[in-house]
Amino acid sequence: GAVVSQHPSWVICKSGTSVKIECRSLDFQATTMFWYRQFPKQSLMLMATSNEGSKATYEQGVEKDKFLINHASLTLSTLTVTSAHPEDSSFYICSSRGSNTEAFFGQGTRLTVV
Amino acid sequence: GDSVTQMEGPVTLSEEAFLTINCTYTATGYPSLFWYVQYPGEGLQLLLKATKADDKGSNKGFEATYRKETTSFHLEKGSVQVSDSAVYFCALALWGGGNKLTFGTGTQLKVEL
């Protein structure tokens, strides 16, 4: 199946700093990318949807100024957690979908803010 | 709104036991249904899917049948293995909704020798 690579797989950062997470579709063009957040023992919560070259659409309750999403090309989307705080610690997962494909998921990024 | 309800876990089984994980859904349209599996420390992997009523998705010995009359998509496997231990997520997508996936809360499966 298609491969979506997410990097880094885990990151520890200090409170107040920013962290960037990359999501790459390696063998198909991702017209749409999704960013999810997963709390321990809970389901995935959709944070935002982005289409290549346009602004991301954020779900209700998600702060767009805190979670910056860039989808500059058909193979790369980034999520930047700005001014991270301990409550932002979570497992973040990206998902990519081509024009005629189902969604494929990255491996996830474990963010710990200390 | 659209939603997916799964049975709560964890589900603990002995190897070679029969597995059923219940999933029901509520959708305003006519969804496609999915089961995803998440192994420890990894992202989600698509396990199987069904796109219309009475379709049966199957993969790696797992099966689920799209039942429109009961709005269900229960996951079954006849004989589980230790390597099946993971968290299983039921999900739906409405193709007119940008293909956003709506997930259930997940069911953890533990298979013991």
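Residue numbering restarts at 1 for every chain, and letters A, B, ... go by the order of the sequence lines.
Using a 4.5 Å cut-off between heavy atoms, Q6(A) makes no contact with chain B at all. Residue F89(B) touches chain A through its side chain alone, counting heavy-atom pairs closer than 4.5 Å. Of the atoms belonging to Q38(B), it is side-chain heavy atoms, and not backbone ones, that fall under 4.5 Å from chain A.
Annotation: Q29(A), atom CD; neighbour count of heavy atoms from other residues, nucleotides and ligands within 6.0 Å does not exceed 12. Heavy atoms from other residues, nucleotides or ligands lying under 6.0 Å from CD of Q81(B) number more than 12. The environment of K66(A) atom NZ is dense: over 12 non-hydrogen atoms of other residues, nucleotides or ligands sit within 6.0 angstrom.
Once rounded to the nearest 0.5 Å, the distance linking CG of L44(B) with CG of L44(A) reads 5.5 Å.
Of residues 65-78 of chain B, no residue lies under 4.5 Å from chain A by any heavy-atom pair.
A donor-acceptor contact shorter than 3.5 Å is absent between the side chain of S43(A) and the backbone of G106(B).
Cluster annotation: M47(A) is not connected to V4(B) through the hydrophobic network of ILVMFWY side chains, with a link wherever side-chain heavy atoms come within less than 4.5 Å. Residues L111(A) and F39(A) do not share a hydrophobic cluster, clusters being chains of Ile/Leu/Val/Met/Phe/Trp/Tyr side chains in contact below 4.5 Å. W35(A) and L46(B) end up in different hydrophobic clusters when Ile, Leu, Val, Met, Phe, Trp and Tyr side chains are linked at under 4.5 Å. L68(A) and V19(A) fall into different hydrophobic clusters, where Ile, Leu, Val, Met, Phe, Trp and Tyr side chains are chained together by heavy-atom contacts under 4.5 Å. Taking hydrophobic clusters as Ile, Leu, Val, Met, Phe, Trp and Tyr residues chained together by side-chain heavy-atom distances below 4.5 Å, L76(A) does not share a cluster with V3(A).
Residues R97(A) and K100(B) form no side-chain contact, since every pair of their non-hydrogen atoms from C-beta on lies 4.5 Å or further apart. Residues L101(B) and Y36(A) are in side-chain contact: their nearest non-hydrogen atoms beyond the backbone lie under 4.5 Å apart.
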